[in-house]
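For reference, the structure discussed in these notes is given below.
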Amino acid sequence: MASKLLRCATTVSSFIRASPSSLFSRPRLLSGAASSDPPPSPPPTDLPPPPSPGGGISRNPDRRTSKSSLKDPELAKFSALADTWWDYEGPFKPLHAMNPTRLAFIRSTICRHFGKDPSSPRPFEGLKIIDVGCGGGILSEPLARMGATVMGIDAVEKNIKIAQVHADRDPSTLGIEYCCTTAEKLVKEQRTFDVVISLEVIEHVANPAEFCKSLSALAIPGGATVISTINRSMRAYATAIVAAEYLLGWLPKGTHEWSSFLKPEELVLILQRASISIKEMAGFVYNPLTRRWYLSDDVSVNFIVYGFKCKQ
(Lines give C-alpha, C1' and ligand atoms only; values in the text may rest on other atoms or scores of the structure.)
Protein backbone atom coordinates (compact mmCIF):
# COMPACT_ATOMS: atom_id res chain seq x y z
CA MET A 1 0.00 0.00 0.00
CA ALA A 2 2.77 2.43 0.87
CA SER A 3 4.44 1.87 -2.49
CA LYS A 4 1.17 2.57 -4.31
CA LEU A 5 0.70 5.79 -2.41
CA LEU A 6 4.25 6.86 -3.17
CA ARG A 7 3.64 6.25 -6.87
CA CYS A 8 0.52 8.37 -6.59
CA ALA A 9 2.60 11.13 -5.05
CA THR A 10 4.81 11.20 -8.13
CA THR A 11 1.77 11.40 -10.43
CA VAL A 12 0.03 14.02 -8.34
CA SER A 13 2.98 16.39 -8.43
CA SER A 14 2.21 17.12 -12.07
CA PHE A 15 -1.12 18.65 -11.06
CA ILE A 16 0.29 21.27 -8.74
CA ARG A 17 2.96 23.90 -9.07
CA ALA A 18 4.31 23.73 -5.55
CA SER A 19 7.62 21.99 -4.97
CA PRO A 20 8.05 20.27 -1.59
CA SER A 21 10.10 22.19 0.88
CA SER A 22 10.67 22.37 4.59
CA LEU A 23 7.74 22.37 7.00
CA PHE A 24 7.38 22.17 10.66
CA SER A 25 8.02 18.79 12.22
CA ARG A 26 9.31 15.28 11.82
CA PRO A 27 6.08 13.35 12.18
CA ARG A 28 5.16 9.87 12.59
CA LEU A 29 2.02 9.61 10.56
CA LEU A 30 1.51 13.01 9.15
CA SER A 31 4.00 14.94 11.09
CA GLY A 32 6.11 17.93 10.39
CA ALA A 33 9.61 18.41 9.29
CA ALA A 34 12.96 18.84 10.87
CA SER A 35 15.22 21.41 9.31
CA SER A 36 18.83 20.83 8.45
CA ASP A 37 19.58 24.43 9.44
CA PRO A 38 20.29 25.14 13.11
CA PRO A 39 17.63 27.15 14.95
CA PRO A 40 18.33 30.84 15.36
CA SER A 41 20.22 32.01 18.42
CA PRO A 42 19.45 33.24 20.97
CA PRO A 43 16.13 31.39 21.45
CA PRO A 44 12.99 33.49 21.72
CA THR A 45 11.73 34.44 25.13
CA ASP A 46 8.03 34.53 24.25
CA LEU A 47 7.45 30.79 23.92
CA PRO A 48 3.95 29.63 24.86
CA PRO A 49 3.75 27.80 28.20
CA PRO A 50 4.03 24.03 27.86
CA PRO A 51 0.76 22.16 28.14
CA SER A 52 0.05 20.19 31.27
CA PRO A 53 0.30 16.40 30.94
CA GLY A 54 -3.44 16.05 31.12
CA GLY A 55 -4.18 19.38 29.52
CA GLY A 56 -5.82 20.27 26.29
CA ILE A 57 -9.38 19.53 25.36
CA SER A 58 -11.83 17.50 27.32
CA ARG A 59 -11.91 13.79 26.65
CA ASN A 60 -15.53 14.25 25.63
CA PRO A 61 -15.54 14.88 21.86
CA ASP A 62 -18.81 16.85 22.24
CA ARG A 63 -17.06 19.21 24.63
CA ARG A 64 -18.06 22.54 23.02
CA THR A 65 -21.45 24.08 22.49
CA SER A 66 -20.91 26.75 19.82
CA LYS A 67 -22.57 26.04 16.48
CA SER A 68 -20.31 28.28 14.39
CA SER A 69 -17.51 26.96 12.24
CA LEU A 70 -14.40 29.06 12.73
CA LYS A 71 -13.81 30.95 15.95
CA ASP A 72 -13.78 34.72 15.49
CA PRO A 73 -10.03 35.03 16.30
CA GLU A 74 -9.31 32.38 13.67
CA LEU A 75 -11.32 34.29 11.05
CA ALA A 76 -9.33 37.43 11.76
CA LYS A 77 -6.05 35.52 11.69
CA PHE A 78 -6.61 33.96 8.29
CA SER A 79 -8.11 37.10 6.84
CA ALA A 80 -4.86 38.90 7.65
CA LEU A 81 -2.88 36.20 5.83
CA ALA A 82 -5.16 35.90 2.80
CA ASP A 83 -2.90 37.77 0.36
CA THR A 84 -0.07 35.28 0.93
CA TRP A 85 -1.83 32.05 -0.06
CA TRP A 86 0.08 31.69 -3.33
CA ASP A 87 3.42 32.90 -2.00
CA TYR A 88 5.38 29.64 -1.97
CA GLU A 89 7.87 31.09 0.50
CA GLY A 90 5.23 32.76 2.70
CA PRO A 91 3.21 31.66 5.73
CA PHE A 92 1.53 28.87 3.77
CA LYS A 93 4.79 27.36 2.57
CA PRO A 94 4.21 24.31 4.82
CA LEU A 95 0.92 23.51 3.08
CA HIS A 96 2.43 23.93 -0.37
CA ALA A 97 5.23 21.59 0.67
CA MET A 98 2.83 18.95 1.95
CA ASN A 99 0.33 19.25 -0.91
CA PRO A 100 1.75 16.55 -3.24
CA THR A 101 1.65 13.97 -0.45
CA ARG A 102 -1.80 15.02 0.75
CA LEU A 103 -3.03 14.63 -2.82
CA ALA A 104 -1.39 11.22 -3.16
CA PHE A 105 -3.42 9.98 -0.18
CA ILE A 106 -6.61 11.52 -1.56
CA ARG A 107 -6.03 10.14 -5.04
CA SER A 108 -5.37 6.62 -3.79
CA THR A 109 -8.25 6.40 -1.33
CA ILE A 110 -10.88 8.10 -3.49
CA CYS A 111 -10.00 6.03 -6.55
CA ARG A 112 -10.33 2.83 -4.50
CA HIS A 113 -13.57 4.03 -2.97
CA PHE A 114 -15.24 4.73 -6.32
CA GLY A 115 -13.45 2.11 -8.43
CA LYS A 116 -11.53 4.71 -10.43
CA ASP A 117 -8.20 4.25 -12.20
CA PRO A 118 -5.53 6.12 -10.20
CA SER A 119 -3.20 6.13 -13.21
CA SER A 120 -5.70 8.11 -15.29
CA PRO A 121 -4.80 11.76 -15.88
CA ARG A 122 -8.34 12.69 -14.77
CA PRO A 123 -9.29 10.00 -12.24
CA PHE A 124 -11.95 12.12 -10.52
CA GLU A 125 -14.03 12.63 -13.66
CA GLY A 126 -17.71 12.55 -12.76
CA LEU A 127 -17.20 13.18 -9.02
CA LYS A 128 -18.56 16.18 -7.13
CA ILE A 129 -16.04 17.22 -4.46
CA ILE A 130 -16.30 19.96 -1.86
CA ASP A 131 -13.18 21.47 -0.29
CA VAL A 132 -14.33 22.79 3.09
CA GLY A 133 -12.01 25.53 4.32
CA CYS A 134 -10.41 25.88 0.90
CA GLY A 135 -8.34 28.95 1.76
CA GLY A 136 -6.72 30.27 -1.40
CA GLY A 137 -7.55 27.14 -3.39
CA ILE A 138 -4.24 25.26 -3.20
CA LEU A 139 -6.12 21.95 -2.89
CA SER A 140 -9.19 22.82 -4.97
CA GLU A 141 -7.14 23.54 -8.08
CA PRO A 142 -5.35 20.17 -8.39
CA LEU A 143 -8.63 18.39 -7.61
CA ALA A 144 -10.20 20.21 -10.56
CA ARG A 145 -7.25 19.30 -12.79
CA MET A 146 -7.87 15.66 -11.88
CA GLY A 147 -11.34 15.95 -13.39
CA ALA A 148 -13.55 16.63 -10.38
CA THR A 149 -16.40 19.11 -10.27
CA VAL A 150 -15.12 21.16 -7.35
CA MET A 151 -16.77 23.53 -4.93
CA GLY A 152 -14.45 25.38 -2.55
CA ILE A 153 -15.91 27.14 0.48
CA ASP A 154 -14.32 29.29 3.15
CA ALA A 155 -15.65 31.54 5.90
CA VAL A 156 -13.05 34.22 5.05
CA GLU A 157 -14.21 36.35 2.13
CA LYS A 158 -10.68 37.48 1.24
CA ASN A 159 -9.62 33.85 0.86
CA ILE A 160 -12.40 33.23 -1.64
CA LYS A 161 -11.47 36.30 -3.67
CA ILE A 162 -7.82 35.23 -3.80
CA ALA A 163 -8.81 31.69 -4.80
CA GLN A 164 -11.12 32.91 -7.56
CA VAL A 165 -8.58 35.31 -9.04
CA HIS A 166 -5.91 32.59 -9.09
CA ALA A 167 -8.25 29.98 -10.61
CA ASP A 168 -9.27 32.36 -13.37
CA ARG A 169 -5.68 32.35 -14.67
CA ASP A 170 -5.85 28.70 -15.71
CA PRO A 171 -8.49 27.28 -18.10
CA SER A 172 -8.37 23.94 -16.27
CA THR A 173 -9.53 25.53 -13.02
CA LEU A 174 -12.09 28.01 -14.35
CA GLY A 175 -14.94 25.68 -13.42
CA ILE A 176 -14.27 25.69 -9.68
CA GLU A 177 -17.22 27.10 -7.77
CA TYR A 178 -15.94 29.22 -4.92
CA CYS A 179 -18.27 30.56 -2.25
CA CYS A 180 -17.82 32.42 1.03
CA THR A 181 -20.00 30.28 3.26
CA THR A 182 -19.86 27.52 5.84
CA ALA A 183 -20.58 23.81 5.82
CA GLU A 184 -23.51 24.44 8.15
CA LYS A 185 -25.16 26.83 5.70
CA LEU A 186 -24.76 24.41 2.81
CA VAL A 187 -26.41 21.68 4.90
CA LYS A 188 -29.44 23.95 5.28
CA GLU A 189 -29.45 24.35 1.50
CA GLN A 190 -29.42 20.52 1.21
CA ARG A 191 -26.29 20.46 -0.92
CA THR A 192 -24.59 17.07 -1.20
CA PHE A 193 -21.33 15.79 -2.69
CA ASP A 194 -19.64 12.51 -3.56
CA VAL A 195 -16.53 13.50 -1.62
CA VAL A 196 -16.16 15.88 1.32
CA ILE A 197 -12.62 17.06 2.10
CA SER A 198 -11.46 19.31 4.92
CA LEU A 199 -7.72 19.54 5.49
CA GLU A 200 -6.04 21.38 8.37
CA VAL A 201 -9.34 23.01 9.32
CA ILE A 202 -10.91 21.14 12.23
CA GLU A 203 -8.27 22.38 14.70
CA HIS A 204 -9.51 25.91 14.02
CA VAL A 205 -13.27 25.37 14.45
CA ALA A 206 -15.26 26.17 17.57
CA ASN A 207 -17.07 22.84 17.77
CA PRO A 208 -15.37 19.84 16.13
CA ALA A 209 -18.29 17.48 16.80
CA GLU A 210 -20.89 19.77 15.20
CA PHE A 211 -18.48 20.53 12.36
CA CYS A 212 -18.11 16.81 11.58
CA LYS A 213 -21.89 16.38 11.65
CA SER A 214 -22.11 19.07 8.99
CA LEU A 215 -19.42 17.39 6.89
CA SER A 216 -21.33 14.12 7.16
CA ALA A 217 -24.58 15.80 6.11
CA LEU A 218 -22.84 17.15 3.00
CA ALA A 219 -21.80 13.66 1.88
CA ILE A 220 -24.11 11.41 -0.06
CA PRO A 221 -24.85 8.02 1.57
CA GLY A 222 -21.78 5.92 0.88
CA GLY A 223 -19.80 9.02 -0.07
CA ALA A 224 -16.19 9.55 0.98
CA THR A 225 -14.80 11.94 3.58
CA VAL A 226 -11.15 12.97 4.07
CA ILE A 227 -9.98 15.03 7.06
CA SER A 228 -6.49 15.95 8.23
CA THR A 229 -5.33 17.68 11.39
CA ILE A 230 -2.62 17.64 14.10
CA ASN A 231 -2.36 15.23 17.01
CA ARG A 232 -2.61 16.70 20.51
CA SER A 233 0.71 15.21 21.57
CA MET A 234 3.78 16.63 23.26
CA ARG A 235 5.69 15.97 20.07
CA ALA A 236 3.23 18.10 18.14
CA TYR A 237 3.60 20.89 20.71
CA ALA A 238 7.38 20.77 20.35
CA THR A 239 7.42 20.65 16.55
CA ALA A 240 4.25 22.29 15.21
CA ILE A 241 4.24 25.14 17.73
CA VAL A 242 7.58 25.71 19.50
CA ALA A 243 9.85 24.82 16.58
CA ALA A 244 7.72 25.92 13.63
CA GLU A 245 6.31 29.13 15.07
CA TYR A 246 8.86 30.33 17.63
CA LEU A 247 12.28 28.87 16.82
CA LEU A 248 12.35 28.55 13.04
CA GLY A 249 9.67 31.02 12.05
CA TRP A 250 8.14 28.75 9.42
CA LEU A 251 4.65 29.69 10.60
CA PRO A 252 3.33 32.91 12.14
CA LYS A 253 3.23 32.87 15.94
CA GLY A 254 -0.19 31.89 17.18
CA THR A 255 -1.10 29.86 14.11
CA HIS A 256 -1.97 26.87 16.28
CA GLU A 257 -3.35 26.26 19.75
CA TRP A 258 -2.22 22.97 21.23
CA SER A 259 -5.46 22.63 23.19
CA SER A 260 -7.43 22.65 19.92
CA PHE A 261 -5.59 19.68 18.43
CA LEU A 262 -7.32 16.29 18.36
CA LYS A 263 -5.94 12.89 19.18
CA PRO A 264 -6.61 10.31 16.44
CA GLU A 265 -8.94 8.27 18.65
CA GLU A 266 -10.93 11.41 19.47
CA LEU A 267 -11.39 12.29 15.81
CA VAL A 268 -12.40 8.72 14.98
CA LEU A 269 -15.01 8.77 17.75
CA ILE A 270 -16.36 12.15 16.65
CA LEU A 271 -16.69 10.91 13.06
CA GLN A 272 -18.33 7.66 14.13
CA ARG A 273 -20.94 9.66 16.02
CA ALA A 274 -21.49 11.63 12.80
CA SER A 275 -22.14 8.38 10.87
CA ILE A 276 -18.73 8.34 9.18
CA SER A 277 -16.85 5.05 9.35
CA ILE A 278 -13.06 5.42 9.18
CA LYS A 279 -11.35 3.04 6.77
CA GLU A 280 -7.78 4.33 6.66
CA MET A 281 -5.43 6.57 8.60
CA ALA A 282 -1.97 7.78 7.62
CA GLY A 283 0.59 10.42 8.35
CA PHE A 284 3.46 12.30 6.76
CA VAL A 285 7.17 12.13 7.46
CA TYR A 286 9.52 14.81 6.24
CA ASN A 287 12.94 13.84 4.92
CA PRO A 288 15.32 16.80 5.29
CA LEU A 289 17.79 15.22 2.85
CA THR A 290 15.33 15.02 -0.03
CA ARG A 291 13.25 17.95 1.29
CA ARG A 292 10.08 15.96 0.64
CA TRP A 293 7.16 14.61 2.60
CA TYR A 294 6.29 10.91 2.59
CA LEU A 295 3.29 8.92 3.75
CA SER A 296 3.98 6.97 6.91
CA ASP A 297 2.24 5.10 9.72
CA ASP A 298 3.40 7.65 12.29
CA VAL A 299 0.48 9.77 13.53
CA SER A 300 2.23 11.45 16.43
CA VAL A 301 2.04 14.92 14.86
CA ASN A 302 0.03 15.37 11.63
CA PHE A 303 -2.44 12.74 10.49
CA ILE A 304 -5.10 12.22 7.85
CA VAL A 305 -8.14 9.94 7.79
CA TYR A 306 -10.41 8.60 5.07
CA GLY A 307 -13.86 7.19 5.71
CA PHE A 308 -17.29 6.82 4.20
CA LYS A 309 -20.76 7.92 5.22
CA CYS A 310 -22.78 4.99 6.47
CA LYS A 311 -25.95 4.35 4.48
CA GLN A 312 -29.08 4.79 6.53
Side-chain angles (χ1 to χ4, degrees), residues 13 15-25 32-33 35 40 44 46 68-103 129-145 150-183 185 197-206 228-230 240-241 243-257 260 291 293 302:
S13 62
F15 290 90
I16 59 181
R17 298 186 182 88
S19 59
S21 56
S22 59
L23 188 47
F24 45 79
S25 64
S35 171
D46 56 345
S68 63
S69 288
L70 282 180
K71 311 169 200 175
D72 288 341
E74 299 296 306
L75 288 170
K77 179 193 306 178
F78 286 104
S79 179
L81 295 173
D83 292 337
T84 65
W85 268 105
W86 290 97
D87 179 358
Y88 295 115
E89 297 299 321
F92 297 106
K93 178 179 179 178
L95 295 184
H96 285 286
M98 190 183 286
N99 224 22
T101 314
R102 299 194 307 178
L103 285 160
I129 299 180
I130 183 168
D131 180 8
V132 179
C134 65
I138 67 173
L139 181 73
S140 296
E141 290 196 8
L143 292 174
R145 294 187 186 101
V150 178
M151 181 177 191
I153 67 170
D154 202 283
V156 178
E157 186 175 3
K158 287 180 67 176
N159 286 347
I160 292 299
K161 290 180 178 179
I162 293 294
Q164 189 65 68
V165 168
H166 196 273
D168 288 346
R169 299 174 181 176
D170 186 342
S172 66
T173 57
L174 282 173
I176 299 175
E177 179 186 359
Y178 284 117
C179 184
C180 182
T181 187
T182 64
K185 290 180 181 178
I197 299 176
S198 186
L199 305 188
E200 283 73 55
V201 173
I202 194 170
E203 65 268 26
H204 301 287
V205 304
S228 67
T229 187
I230 304 175
I241 295 179
E245 297 181 18
Y246 290 84
L247 296 179
L248 303 175
W250 287 332
L251 297 172
K253 295 176 183 177
T255 297
H256 295 115
E257 291 183 18
S260 296
R291 299 172 64 84
W293 287 86
N302 303 80

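- Remark: the backbone N or O of H204 is not paired with any side-chain donor or acceptor of S260 at under 3.5 angstrom.
- In this structure, the side chain of S228 engages the main chain of E200 through a donor-acceptor pair within 3.5 Å.
- G137 and P142 get closest at one heavy-atom pair: O-CD, 4.4 Å.
- Side-chain contact between I162 and T84 is absent, with no heavy atoms from C-beta onward closer than 4.5 Å.
- Distance alone, capped at 3.5 Å, places no donor-acceptor pair between the D154 side chain and the I160 backbone.
- Judged by distance alone, with hydrogens and angles left aside, the side-chain atoms of N99 form a donor-acceptor pair with the main-chain N or O of I138 at under 3.5 Å.
- Heavy atoms only, all atoms of each residue included: A167 and Y178 are closest at CB-CE1, 3.9 Å.
- Residues G152 and C134 share a closest heavy-atom pair of C-SG, 3.6 Å.
- The shortest non-hydrogen separation linking D131 to L139 is OD2-CB, 3.7 Å.
- Minimum interatomic distance between Q164 and I176 (heavy atoms only, all atoms of both residues): OE1-O, 4.3 Å.
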Worksheet item: M98 and L199: side-chain contact (heavy atoms from CB on, under 4.5 Å), yes or no, with the steps?
Response: CA-CA 11 Å; M98 190 183 286; L199 305 188; over 6 Å; no

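- Between D87 and K93 no salt bridge is recorded (no basic side-chain N to carboxylate O distance below 4.0 Å).
- When each of I130, V150, I129 is checked for a side chain to side chain contact (heavy atoms under 4.5 Å, CB included) with S140, only V150 meets the rule.
- The distance between the ring centers of H166 and W85 does not fall below 6.0 angstrom.
- Atom NZ of K158 has more than 12 neighbouring heavy atoms from other residues, nucleotides or ligands inside a 6.0 Å radius.
- Looking at every heavy atom in both residues, A155 comes nearest to C180 through O-SG, 3.8 Å.
- With hydrogens and angles disregarded, a donor-acceptor distance shorter than 3.5 Å links the side chain of T182 to the backbone of K185.
- For the pair D168/T173, no side-chain contact is recorded, criterion being any heavy-atom separation below 4.5 Å from C-beta on.
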